[in-house]
Structure formats: structure tokens, C-alpha cells
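As C-alpha cells, the structure follows; a few thoughts come after it.
Below, each value reflects all heavy atoms present in this structure, side chains not excepted, and no hydrogens, waters or symmetry copies. Here the structure is a predicted model, which means the values were calculated and not measured.
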Amino acid sequence: MTISTNSQPKDIVLTGDRTTGKLHLGHYVGSLKNRVQLQQQYETYIMLADVQALTTHFHTPEMLAGSVRQVALDYLSVGIDPDQATLFVQSMIPEIAELTVFYSMFVSVSSLRHNPTIKSEAAERGYEDLYYGFLGYPVSQAADITFCKATLVPAGDDQIPHIEQARKIVRRFNELYAPVLVEPQIIVGERLDGLDGSSKMSKSLGNAISLDSTTDEVRSRIRKAPTDPARVHKTDPGHPEVCTIYGYHRIFRPEDSGNIHDMCTRGTLGCAACKAKITGAIEEVLEPIRERRARYEQRPGDIDDILMAGTTKAREAARQTMGEVREAMGINYFARR
């Protein structure tokens, strides 16, 4: 999507991902490519959400260390520039946890239970009795956004309910205490369906193409993806609207998607050839990502240095906001002594 350049310089971007494993093309289409563009215009904070990873992976905390570095490598590989964007680790900013507690005092359990994203993910994971941390994810996310007073949040459409919850929290806080927080706006990226065509691309559903996929892996995964079930023969008229691969053409080859639609409908383009075309387009996206990844993999110590420097900067912003929050709430008891 095209990002407006009319925003004021004071705008701050906050975004991030739970560190539960490799990022994939769905992340790239839905948010990552917007972040690369936004970092050139605005002050940008990108969070590695290790605490929120525990909402579904609390039983395997040992996986966080590797996942934090894996996600950081994915960020750097897609073009996030540590000289332009601040990469930081969520658990190393205690002010975020403090804000989460304060916000939770005036957010009802009912509003969280009715959050459509929470409901759908709980159903997807088979959760009948929700854990407190899982249910409170939107409150934690509001703290993530507001610790640095972010005004813009690039994210997928599934995050819209969370951002609206954050906006409500900001309004409620400002009404109760003092207008020290700012309401964020979401920048919604495109949605990329999973290879199975049944839902969005997701690593937990096993229907994703990870950003570190090899050429052979991409080709194999695309080849196995289902297409129009009504097409038995190459010359059968197709129905591209029901085909996952056509959806990929619209995103990765928009300039030729109309032609693909026409040829599929008339039965002049077979599924194998159609898949070969989209494989080539995805390879064009992934090749520069692979090149940057290879450079950083040769210097693994740089990733830790980048995260430590970014976390130090983020902590400074968090301390400043937390001071204003405590002042507004009247709980900075000894600040003037």
C-alpha cells in the first residue's frame, strides 16, 4: 500500500511480532514491507514481543532465546535498518509491564472476551478456559503502543480490534487522569492467504512460506498448493476468485493479474504454468532478503549489539512516559523530595 507523507514529523511508529518462530510471507505482505517504508519517514520502534509469546508458549520459555534472534534476523533481512529503526526486546522494558497493570484496572473482562481476534484465536487453539495472560493480550499491546506514544501501528487486519481497544484505553486514561497519552492509528497491510486457501497464512497452521525458504522449498510448497477444484484439465474454464494462487498474483504481480484472470477464465493458462509464474515473482521478493540474511548470519554478534542498543533507547522513552503517567495518576509520591 502507499503510505501518506502528509503526517506530521512528530508521528511515531510502533510495531512488532511475537517471537514464536520464523516470520513468513504473510508477515511481509501484512506489515513488514510497510515498516521498511515507514522507517524512512518516522521515528520507528520495532518490538520483539517475547512476553506476549508466552501467552501461547508459556510451557516452553526455552524457545524464546532462539526465536528472539531469529525474528531479529528476519527484520534485518527484509530491510529494517538499525540506524533508522529501534529494535528492542519487550521483556527488557519493565515500564511496559507496569503500564499493563495500570491499564488492566479499568478494562472490563467482558470487553476482552468479546474481542473477535481473541475469540477466533482461542477457538483455533481449542482454548475453553482462557488464561489471564492470553485474555489480557490487548491490554498488554496497548502498553506496547503507548510506552513510546506511538501514533501509527502497521499491522494486519486481524489486529484492528486490538488497536481499537488501545484507543479506548488511551481515551479512558486521559479522561480519568490527564491527557498525556495519544491515540494510535492502524495502517492495515494486505492479507495473504495461506497455501491451503482456508485461512490467512500462519506458521501455527503450517500453511506458510517462511522468509528463509530456499528456492526449492518455495517451488515445492507452491506446487502442492490447491487451486480451482473445478479445473480437471488444463483447458477447462477456471474460476480464479476461488484460487489461492490467483490471490498471490494480485499481490505479487498486480500489473499482470488481470491477464492471468482472463487466461484462467478462458482455459488458456494451466495451473502448473500459473504456479511457475508466481514462484518466479516470490523468488524476486525473497532473493534480496536471502542476500541480507547471509551477511548478518556471518556476523551473529551484530544482532545482539543491535538489540541491546535499541532496547537501551526504548527504555529511555519508556521511563519518560512512565514519569508522565505517574504524575497524571498522582502516584509519583516522592518525586519532589
Side-chain angles (χ1 to χ4, degrees), residues 13-53 57 60-93 154 189 192 195 201-204 206 208-222 252 278-316:
V13 171
L14 183 285
T15 185
D17 296 279
R18 297 196 308 149
T19 54
T20 56
K22 301 175 181 179
L23 301 185
H24 51 66
L25 279 178
H27 293 113
Y28 179 80
V29 169
S31 180
L32 293 175
K33 67 178 182 179
N34 278 345
R35 300 178 197 181
V36 173
Q37 184 177 352
L38 288 165
Q39 69 179 346
Q40 302 173 22
Q41 303 175 42
Y42 308 115
E43 183 175 1
T44 299
Y45 290 87
I46 301 180
M47 181 181 71
L48 292 105
D50 57 332
V51 173
Q52 286 165 357
H57 292 69
T60 54
E62 66 276 3
M63 53 82 70
L64 289 178
S67 287
V68 163
R69 291 176 173 86
Q70 172 65 54
V71 173
L73 179 57
D74 283 335
Y75 286 160
L76 297 168
S77 298
V78 300
I80 296 299
D81 184 349
D83 292 328
Q84 293 183 309
T86 301
L87 280 70
F88 69 96
V89 180
Q90 182 187 30
S91 65
M92 297 176 69
I93 313 294
L192 187 67
L195 290 165
M201 187 169 284
S202 168
K203 53 196 169 192
S204 63
I209 296 175
S210 62
L211 294 177
D212 67 347
S213 296
T214 66
T215 297
D216 287 342
E217 288 170 339
V218 173
R219 185 179 296 113
S220 175
R221 302 226 68 187
I222 292 293
F252 295 108
I278 199 59
T279 297
I282 291 174
E283 278 294 293
E284 290 181 9
V285 172
L286 291 180
E287 189 54 39
I289 293 175
R290 294 185 186 118
E291 292 176 1
R292 282 188 290 263
R293 180 183 300 277
R295 291 198 295 269
Y296 277 105
E297 285 178 335
Q298 293 173 3
R299 308 190 310 271
D302 288 0
I303 296 177
D304 285 7
D305 292 343
I306 289 167
L307 292 179
M308 289 301 296
T311 300
T312 297
K313 179 181 176 180
R315 184 79 197 278
E316 292 172 358

Problem set entry | Under the side-chain contact (heavy atoms from CB on, under 4.5 Å) test, residues paired with Thr20 that sit two or more places apart | Arg18, Ala53, His57, Met63, Lys203
Problem set entry | Partner residues of Ala281 under the side-chain contact (heavy atoms from CB on, under 4.5 Å) criterion, sequence neighbours left out | Phe252, Arg253, Ile278
Just how far is it from atom [atom1] of [X] to atom [atom2] of [Y], taken to the nearest 0.5 Å?
X	Y	atom1	atom2	result
Met308	Asp305	CE	CG	9.0 Å
Leu286	Glu217	CG	CD	10.5 Å
Gln37	Tyr42	CD	OH	9.0 Å
Leu38	Ile46	CG	CD1	9.0 Å
Glu283	Thr214	CD	OG1	8.0 Å
Asp212	Lys22	CG	NZ	4.0 Å

Problem set entry | Candidate pair Met201 and Leu25, rule side chain to side chain contact (heavy atoms under 4.5 Å, CB included), full reasoning | CA-CA 8 Å; Met201 187 169 284; Leu25 279 178; 4.0 Å; yes
Only counting residues at least two apart or in another chain, list the ones meeting side chain to side chain donor-acceptor pair (under 3.5 Å) with [X].
X	answer
Asp74	Gln70, Arg293
Glu287	Arg290
Ser202	Ser204
Tyr28	none

Could you tell me whether the side chain of [X] and the main chain of [Y] form a donor-acceptor pair under 3.5 Å?
X	Y	value
Ser31	Pro154	yes
Arg315	Met92	no
Ser213	Ser210	yes
Asp50	Ser91	yes
Gln39	Thr44	no

What donor-acceptor contacts under 3.5 angstrom involve side-chain atoms of residues 77-89, with partners at least two apart or in another chain?
residue	atom	partner	partner atom	Å
Ser77	OG	Leu73	O	2.7
Asp81	OD1	Asp83	N	2.9
Thr86	OG1	Lys313	NZ	3.3

Exercise. Got a sec, which pairs hit ring-ring contact (aromatic ring centres under 6.0 Å, His included) with one end in residues 60-79, sequence neighbours left out?
Worked result: none
Can you list the residues that meet the salt bridge (Lys or Arg N to Asp or Glu O under 4.0 Å) rule with [X], with sequence neighbours excluded?
X	value
Arg69	Asp304
Asp302	Arg299
Arg219	Asp216

Exercise. Between Thr15 and Asn34, is any pair of side-chain heavy atoms under 4.5 Å apart?
Worked result: no
Problem set entry | Flag side-chain contact, heavy atom, 4.5 Å: Asp17 against Leu48 | no
Seminar exercise, completed: Between Gly26 and Leu192, the two heavy atoms sitting closest are N-CD2, 3.8 Å
